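In this text the structure is predicted, and so the values were computed from the model without any measurement.
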Amino acid sequence: MDREQSSAEQDLRTVDNGPGSRRAAAQRQQMRQDLATAAMELFATQGYEETTVDQIAAAAGVARRTFFRYFRSKEEAIFPDHDDTLVRVADLLASAEPEEHPLDVVCRGIKEVLRMYASTPGVSVARYQLIRQVPALREREIAVVSRYERLFTRYLLGRFDASDSIPPGWQHGGDDDSMLAEVSAAAVVAAHNHVLRRWLRAGGHGDVEAQLDHSFEVIRGTFWATPPSGVRRRGTAVTPSASGNGTLPGGLGVASALSATPGGEVLITVARTDAPLDVVLDSIKAALSR
């Protein structure tokens with residue numbers, strides 16, 4: 001179990017399925033939502049820095065100690081649904097049929113996160129606007145997102161141990177497994193974040209699931225075997241070297257792939273963390289000019 005799992009998430013894992021337990025879980029979730037709503041309203045009216053935990057608790061009609069039974073900080077109160085969603089995603093991965101392509105399973109998993117936001121567009125847009133203004137909340141959001149990415153990476157690594165459905169050219173059971181798992185998980189999460197931010201900037205309007213499905217097709221065509229029908233590819237393919245050591249083409253730790261569809265083009269760049277910034281920028285410019 002993830003070390004960063006909160007007590008709420010652990011409670012969801014341990015309760016039984018009796019009526020009393022389900023009622024208690026629903027009451028707990030309602031209280032978390034009440035506290036989160038109170039926090040959002042106070043942050044919006046008087047400012048994030050000026051709002052205290054005591055004020056949030058009072059606005060929700062509970063004591064300070066009750067607040068800390070549900071959240072460890074006021075930053076965490078902005079993200080009340082992620083613990084539940086992380087559990088649902090983990091269950092989805094665990095129950096997936098072994099015949100289903102592992103990347104398709106991960107895509108289904110991240111769609112659960114998108115639906116969490118899409119279920120309350122007004123709240124999600126207000127939260128997005130607040131997060132953009134408060135660095136501490138942006139840092140908290142990054143930490144939350146990383147939990148999904150680690151979950152997907154672990155799932156993909158587990159599937160590689162028991163599956164042959166990895167692209168030709170990758171070392172099965174070697175160093176390429178961990179690279180492909182991390183790159184694929186990061187790409188799926190990044191695509192979700194890109195689509196979600198675009199939807200939030202549009203005020204929560206539009207078919208966000210259709211937009212996410214399109215991004216999945218781009219990822220499948222870029223990282224996993226043959227591109228889907230109607231998608232053409234140009235630029236440098238993102239594949240490991242023939243030696244199987246995981247080095248990106250050119251030896252500089254940077255590779256770009258540009259996938260085009262009738263709706264536009266998406267550039268995906270993969271770079272080593274120690275790659276010089278000017279090399280990364282040159283790679284992007286070269287891909288865009290093709």
Side-chain angles (χ1 to χ4, degrees), residues 2 4-12 23-89 110-149 189-209 211-212:
D2 220 60
E4 297 183 11
Q5 284 181 315
S6 70
S7 59
E9 185 176 337
Q10 294 179 32
D11 287 346
L12 287 169
R23 184 165 53 251
Q27 291 172 347
R28 181 179 182 83
Q29 180 62 20
Q30 184 59 55
M31 177 54 68
R32 286 172 63 84
Q33 291 292 343
D34 291 346
L35 288 167
T37 299
M40 284 286 294
E41 291 175 351
L42 288 171
F43 293 159
T45 56
Q46 66 183 33
Y48 172 78
E49 295 295 342
E50 292 73 20
T51 299
T52 66
V53 168
D54 287 336
Q55 291 173 328
I56 297 172
V62 299
R64 172 188 173 89
R65 65 178 180 276
T66 301
F67 175 92
F68 286 111
R69 287 177 55 196
Y70 295 91
F71 300 109
R72 290 168 291 190
S73 65
K74 64 180 184 179
E75 300 96 60
E76 191 175 282
I78 293 296
F79 307 97
D81 301 319
H82 278 292
D83 283 337
D84 292 355
T85 304
L86 192 71
V87 170
R88 288 202 308 276
V89 174
I110 198 66
K111 189 174 283 189
E112 287 294 312
V113 185
L114 185 76
R115 287 169 177 163
M116 176 195 71
Y117 286 97
S119 65
T120 54
V123 173
S124 296
V125 171
R127 181 167 51 196
Y128 172 69
Q129 294 171 343
L130 178 64
I131 289 171
R132 292 178 63 190
Q133 300 169 11
V134 182
L137 294 181
R138 288 200 296 272
E139 293 172 4
R140 177 65 189 173
E141 184 180 43
I142 291 171
V144 168
V145 169
S146 70
R147 297 167 70 187
Y148 294 105
E149 194 169 317
V189 172
H192 164 270
N193 293 345
H194 174 81
V195 169
L196 177 62
R197 284 193 297 268
R198 186 170 58 192
W199 178 75
L200 292 170
R201 287 195 294 266
H205 301 294
D207 190 345
V208 67
E209 284 200 32
Q211 296 173 35
L212 187 61

Legend entry - Heavy-atom donor-acceptor pair, Glu76 side chain to Ser73 backbone, under 3.5 Å: no
| message | Within the 4.5 Å heavy-atom criterion, are Val62 and Arg69 side-chain neighbours or not? | response | no
I'd like a table of donor-acceptor pairs (distance under 3.5 Å, sequence neighbours excluded) in which one partner is a side-chain atom from residues 118-127, with atom names and distances.
from, atom 1, to, atom 2, distance (Å)
Ser119, OG, Met116, O, 2.7
Ser124, OG, Tyr117, O, 2.7
Ser124, OG, Thr120, O, 3.1
Arg127, NH1, Ile78, O, 2.9

For Ala59, the side-chain contact (heavy atoms from CB on, under 4.5 Å) test, sequence neighbours excluded, returns Ala38, Leu42
Review point. Looking at side-chain heavy atoms only, is the closest gap between Thr85 and Arg88 below 4.5 Å?
Key: yes
message: Please determine whether side-chain contact (heavy atoms from CB on, under 4.5 Å) holds for the pair Gln33 and Asp81, giving the CA-CA distance in whole Å, both sets of side-chain angles, and the decisive distance to 0.1 Å.
response: CA-CA 8 Å; Gln33 291 292 343; Asp81 301 319; 2.3 Å; yes
Please tell me if the side chains of Val53 and Phe71 come closer than 4.5 Å, counting only heavy atoms from C-beta onward.
no
To the nearest 0.5 Å, atom CG of Leu114 lies from atom CG of Leu196 at 6.0 Å
Minimal heavy-atom distance between Leu212 and His192, with the atoms involved, is CD1-CA, 3.6 Å
Contacts of Arg115 meeting salt bridge (Lys or Arg N to Asp or Glu O under 4.0 Å) (sequence neighbours excluded), chain-then-number -> Glu112, Glu209
So the salt bridge (charged side-chain N to carboxylate O under 4.0 Å, His left out) pairs with at least one residue in residues 49-60 (sequence neighbours excluded) are Asp54-Arg64
On a heavy-atom basis, the closest approach of Phe67 and Ala57 is CB-CB, 4.3 Å
So CG of Leu200 and CZ of Arg197: to nearest 0.5 Å the spacing works out to 9.5 Å
Minimal heavy-atom distance between Gln29 and Pro80, with the atoms involved, is NE2-O, 4.4 Å
Closest non-hydrogen contact found for His82 with Phe79 is CD2-CB, 3.6 Å
Value for CE (Met31) from CD (Gln27), rounded to nearest 0.5 Å, stands at 9.5 Å
Taken to the nearest 0.5 Å, the spacing of Asn193 CG from Glu141 CD works out to 7.0 Å
By side-chain contact (heavy atoms from CB on, under 4.5 Å), Gln211 pairs with (sequence neighbours left out) Val195, Arg198
Rounded to the nearest 0.5 angstrom, the CE-OG1 distance for Met40 and Thr51 is 11.5 Å
### Query
Thinking salt bridges, do Arg32 and Asp83 make one under a 4.0 Å N-O criterion?
yes
For Tyr128 and Arg201, the nearest pair of non-hydrogen atoms, with its separation, is OH-CG, 3.3 Å
Residues pairing under ring-ring contact (aromatic ring centres under 6.0 Å, His included) where one sits in residues 24-56, two or more places apart or in two chains, turn out to be Phe43-Tyr48
